Colleague: 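After the structure tokens below, expect a handful of questions from me.
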Amino acid sequence: MGGEIRFACPVASRCGGCQMAHLPYAEQLRRKQAWVRELLSPFCPVEDIVGMENPFHYRNKTHAVLAGDRSGNVISGVYRMGTHQVVPVDKCLIQNEKADAIIATVRRLLREFKIRPYREDARAGLMRHILIRTARATGQILVVLVAVQPILPRKNDFVRALLAAHPEITSVVLNVNDRATSMVLGKRDIVLYGPGTIEDVLCGKTFRISPQSFYQVNSEQTERLYARALDYAGLRGTETVLDAYCGIGTIGLCAADRCARLIGVELNPAAVKDATWNAGRNRVRNAKFYCADAGRFLLRMAEARQPLDVLFMDPPRSGSDENFLRAVCTLAPKRVVYISCNPTTLARDLAYLTKHGFRALRATPVDMFPCTEHVETVVLLSQQKPDDIVRVGLDLDELDITSAESKATYQEIKAYVWKKFGLKVSTLYISQVKRKCGLDVGQNYNRSKREDAKVLRCPLEKEEAIRTALRHFQMI
Ligand code: SAH
């Protein structure tokens with residue numbers, strides 16, 4: 001794929017966003033594949049990278065920073081790497097072409113309306129950034145004008161002129177960012193036109209996207225990524241599924257028809273609102289979304305011994321934290337589908353998970369970001385099967401162990417049941433189950449010291465867990 005495709009960008013070296021612009025597309029794919037293979041080879045085989053047929057203008061989100069030049073013109077572009085100097089960009093090979101045209105119009109209108117770009121050094125001027133989101137499937141376009149104050153002079157005329165030039169725009173929002181920060185958006189959104197959000201369609205489901213919410217930037221490749229993630233999840237319709245770091249709920253909601261129950265967790269309140277709205281919009285009734293830190297949320301789930309069959313996790317570039325990973329090991333879902341935009345933190349987290357009860361089965365890199373050095377990867381992990389552990393030197397005949405009793409101590413059984421099921425079981429319960437299974441137990445284990453005392457009966461759920469442990473240790 002991409003044999004002869006080459007990129008020719010006049011500002012590539014000054015912009016720095018497209019680190020691979022000088023390479024033919026096939027070579028970009030080869031390098032990304034090799035990078036992911038190298039990092040993941042200690043864990044699992046890596047399948048062929050999924051590239052694009054046409055790797056241009058794929059970005060559905062376009063950001064331009066505004067500045068003024070000496071002759072009073074408004075320029076827009078990107079910060080030169082590591083500085084706050086603006087490199088003018090009029091046309092970009094990976095951004096949406098309509099977005100480029102809208103940015104040019106905003107520049108013209110700012111001049112006509114005498115609205116000055118903000119100057120950080122002088123703390124003067126008004127307009128800081130333009131952010132545009134285009135929805136591939138619906139054609140809807142959201143324009144976000146980021147200003148230092150909640151005032152846009154002659155705002156109705158401004159919006160009217162913008163819409164006259166681009167009737168395809170469906171929403172205009174004024175975002176207020178008055179902080180000295182490198183974050184593009186401030187907290188406050190003022191809707192100037194339309195609903196203030198856009199809708200896009202992924203894998204047959206419709207999603208509302210707010211200005212503040214995360215949305216994958218390459219919709220075409222996102223559908224391929226999610227298809228692979230769903231394939232890895234192998235859902236049968238009966239599972240409890242958790243979508244962690246769920247954003248606006250896209251992955252989970254694409255899986256909702258194939259599972260019994262969907263839980264989503266996400267830190268950004270705007271995204272959680274979108275996710276809940278999106279569940280209703282798609283008539284998904286088995287989903288609930290929570291606004292929380294994913295690590296803390298999972299720890300609480302583990303403490304409450306919530307059942308979990310399949311986990312989708314899609315953390316930011318920094319990967320997951322220890323809380324999260326520890327809780328995953330306690331919850332012990334059958335499968336984990338890990339989606340990552342950073343192979344380095346992915347490899348770090350896989351090292352943890354594979355050391356604590358999981359094994360990685362396969363992985364696929366997906367080129368979500370042609371021309372740049374970035375790559376997305378989806379990995380399937382499953383519970384390490386008891387067979388794998390037992391296989392090492394536990395052949396009964398070979399070891400000549402006739403009394404299976406000697407196989408595991410009560411402590412070992414307790415530890416196994418806790419790790420696998422998150423259940424605490426007492427020595428009394430273990431002895432009851434062992435007795436039921438015809439195994440020898442010490443005289444006093446399930447007898448009360450007082451003749452008339454009631455003996456606690458092991459609940460069914462715990463009995464099943466103990467039986468599993470006994471099978472695991474080949475005692476039954
Ligand atoms: N799965 C979504 C979003 C992935 S991006 C999709 O495919 O579109 C990662 C998401 O993690 C972002 O929405 C971000 O807001 C969220 N996030 C970042 N840190 C988090 C944390 N500590 N707990 C929960 N969510 C977090």
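Predicted model, so just to flag it, every value in this text is computed and none were measured. Counting starts at 1 for both ligands and their atoms, following the listed order.
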Colleague: Within the 4.0 Å heavy-atom shell around Gln216, which atoms of ligand 1 are there?
Modeller: 6 (C), 7 (O), 8 (O)

Colleague: Return the closest protein heavy atom for atom 10 (C) of ligand 1 as residue, atom name and distance.
Modeller: Glu266 OE1, 3.6 Å

Colleague: Would you say the side chain of Val74 lies within less than 4.5 Å of the side chain of Leu66, judging by non-hydrogen atoms?
Modeller: yes

Colleague: Do Gln28 and Phe7 have side chains that approach each other closer than 4.5 Å (heavy atoms only, starting at C-beta)?
Modeller: yes

Colleague: Check this for me - ligand 1, Phe214, N or O atoms closer than 3.5 angstrom, yes or no?
Modeller: no

Colleague: Could you work out, for atom 6 (C) of ligand 1, the closest of Tyr226, Tyr245, Phe312 by heavy-atom distance?
Modeller: Tyr226

Colleague: Which residue holds the protein heavy atom closest to atom 22 (N) of ligand 1, what is that atom called, and what is the gap in Å?
Modeller: Asp293 OD1, 2.8 Å

Colleague: Which pairs count as salt bridge (charged side-chain N to carboxylate O under 4.0 Å, His left out) when at least one residue sits in residues 80-95, sequence neighbours excluded?
Modeller: Asp90-Arg107

Colleague: Where's the contact between Ala292 and ligand 1, heavy-atom distance under 4.0 Å: side chain, backbone, both or neither?
Modeller: backbone

Colleague: Within the 4.5 Å heavy-atom criterion, are Arg123 and Tyr118 side-chain neighbours or not?
Modeller: yes

Colleague: Between Tyr352 and Leu325 (side chain of the first, backbone of the second, donor and acceptor by atom type, cut-off under 3.5 Å), is there such a pair?
Modeller: no

Colleague: May I ask you to check if ligand 1 and Pro316 share an N or O to N or O distance below 3.5 Å?
Modeller: no

Colleague: What's the verdict on side chain to side chain donor-acceptor pair (under 3.5 Å) for Ser320 and Tyr245, showing C-alpha distance, side-chain angles and the deciding distance?
Modeller: CA-CA 10 Å; Ser320 259; Tyr245 309 93; 2.9 Å; yes

Colleague: Taking Leu311 as the fixed residue, which of Ile263, Asp243, Leu242, Val241 is the one that meets the side-chain contact (heavy atoms from CB on, under 4.5 Å) rule?
Modeller: Leu242

Colleague: Which residue owns the protein heavy atom closest to atom 25 (N) of ligand 1, what's the atom, and how far is it?
Modeller: Leu267 N, 3.2 Å

Colleague: Taking NZ, NE, NH1 and NH2 as the nitrogens, is one of them in Glu47 or Arg228 under 4.0 Å from a carboxylate oxygen of the other?
Modeller: yes

Colleague: Work out whether the distance between some heavy atom of Cys246 and some atom of ligand 1 is less than 4.0 Å.
Modeller: yes

Colleague: Should the proximity of Asp243 to ligand 1, defined as any heavy atom under 4.0 Å, be assigned to the side chain, the backbone, both, or neither?
Modeller: neither

Colleague: Flag Asn268 as yes when one of its N or O atoms lies below 3.5 Å from any N or O atom of ligand 1, and as no otherwise.
Modeller: no

Colleague: For Thr250, which part has a heavy atom under 4.0 Å from ligand 1: side chain, backbone, both, or neither?
Modeller: side chain

Colleague: Do me a favour and list the nearest non-hydrogen protein atom to atom 9 (C) of ligand 1 with residue, atom name and distance?
Modeller: Asp314 O, 3.4 Å

